Amino acid sequence: MYITDGDASISLAGAWKYKKDLEPAIPKINNYHRYPTFLYNAMINPVIPYGIKGFIWYQGEDNVAAPQDYRTLFPMLISDWRIRWKQGYLPFLYVQLANYMKTQPEPSESDWAALREAQTMTLTQPNTAMASIIDIGGADNIHPQNKQEVGRRLALLAKNTVYDKPVQAYGPLFQDYEIKGDKVVLSFSETGSGLATKDNGKLSGFALAGSDQKFYWADAVIEGDKVIVSAAQVKSPVAVRYAWADNPDANLINKEGLPAVPFRTDSWNLSTGQQE
């Protein structure tokens, strides 16, 4: 190996020599965008006097390390902005975290999943709507490349929430569950024209646990607007999780093509707003 300027060449073989401080040190990166108030003071506060129709928020990756805090911080941000604009409960549309990073072979805990849960919980705030993009992310790119579909799903939410158009804006949204023997029956809202799978194949992404809270991949089948979940290793099921991972292999949709929102029954129920 060698380096050359086209005329002379210098071999890179053998022992190397170097001179310390020949070049200036790399400047320290302060990441000011992560400082409290920095983005708000620079980019939000100057436009508060202007009349607007609503907000679109994207998205929350920097909070993944503390998903429990996001349950409080995100609703506070929404409330604060509405107070400052003085236009009532302005519509607040936001995008849930996409699937990202390596797919795990077995069910496991996930801060990304917990942050998505915090985002789903924020739907209890008035005049909010959330676009799920759990199906269009990528393992090696934190920014989903299919921005057009992200925008389309936000537009559906705006049509439905802001402009009262009769469009199917959500994918299936977990509502309730019932344990029947060794099976769990899951109920959903926002089923649209019916439940389906994205690839017309077998349902994937469901995990089941008994009282020991050890989760196993589960078999799942669609029956009308419900999903029946079971696992050979779990004879007395207690909890179900769906798409509970950084980058889940999950394919439940409605026939309008919108993905089911990730959830777990062992923590929070959207229909009641209660911890379980």
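All values derive from a computational prediction rather than experimental measurement. All values below come from the heavy atoms of this structure, side chains included, with hydrogens, waters and symmetry mates left out.
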Please answer whether the main-chain N or O of [Y] pairs with a side-chain N or O of [X] as donor and acceptor at a distance below 3.5 Å.
{"X": "Glu23", "Y": "Ala25", "answer": "no"}
{"X": "Asp5", "Y": "Asp7", "answer": "yes"}
{"X": "Asn99", "Y": "Gly137", "answer": "yes"}
{"X": "Thr128", "Y": "Gln125", "answer": "yes"}
{"X": "Lys86", "Y": "Ile83", "answer": "no"}
{"X": "Asn247", "Y": "Met101", "answer": "yes"}
{"X": "Lys165", "Y": "Val162", "answer": "no"}
{"X": "Gln96", "Y": "Ala131", "answer": "no"}
{"X": "Thr124", "Y": "Met121", "answer": "yes"}
{"X": "Gln119", "Y": "Leu97", "answer": "yes"}

Do the two ring centres, one from [X] and one from [Y], sit under 6.0 Å apart?
{"X": "Trp81", "Y": "Trp57", "value": "yes"}
{"X": "Tyr100", "Y": "Trp112", "value": "yes"}
{"X": "Phe55", "Y": "Trp85", "value": "yes"}
{"X": "Tyr94", "Y": "Phe74", "value": "yes"}

Is it true that Lys102 and Asp246 make a salt bridge, defined as a side-chain N closer than 4.0 Å to a carboxylate O?
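No.
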
When you check the gap from the basic side-chain N to the acidic O, do Arg152 and Glu149 get nearer than 4.0 Å?
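Yes, Arg152 and Glu149 are salt-bridged.
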
Of all heavy-atom pairs between [X] and [Y], which one has the smallest distance, and what is that distance?
{"X": "Val95", "Y": "Gln59", "answer": "O-CG, 3.4 Å"}
{"X": "Gly210", "Y": "Val234", "answer": "N-CG1, 3.7 Å"}
{"X": "Trp217", "Y": "Pro105", "answer": "NE1-O, 2.8 Å"}
{"X": "Thr161", "Y": "Asp164", "answer": "O-OD1, 4.1 Å"}

Looking at side-chain heavy atoms only, is the closest gap between [X] and [Y] below 4.5 Å?
{"X": "Ile78", "Y": "Thr122", "value": "yes"}
{"X": "Val238", "Y": "Gln213", "value": "yes"}
{"X": "Leu186", "Y": "Phe263", "value": "yes"}

Return yes if a side-chain donor-acceptor contact under 3.5 Å exists between [X] and [Y], otherwise no.
{"X": "Lys226", "Y": "Ser187", "answer": "yes"}
{"X": "Thr197", "Y": "Asn251", "answer": "no"}
{"X": "Arg84", "Y": "Tyr40", "answer": "yes"}

Is the number of heavy atoms from other residues, nucleotides or ligands under 6.0 Å of Tyr35 OH greater than 12?
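Yes, because the 6.0 Å sphere around OH of Tyr35 holds more than 12 heavy atoms from other groups.
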
On the ring face of Tyr216, is Lys214 found with NZ or CZ under 6.0 Å from the centre and within 45° of the axis?
yes

Check for me whether Arg241 meets the cation-pi criterion with Phe215, that is, NZ or CZ under 6.0 Å from the six-membered ring centre and within 45 degrees of the ring axis.
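Here Arg241 passes the 6.0 Å and 45° test against Phe215.
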
Do Phe174 and Leu252 land in one hydrophobic cluster if side-chain heavy atoms of ILVMFWY residues count as linked below 4.5 Å?
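Both belong to a single hydrophobic cluster.
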
Starting at CG of Leu39, measure out to CG of Asn45 and round the result to the nearest 0.5 Å.
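Taking CG in Leu39 and CG in Asn45, the distance rounds to 12.5 Å.
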
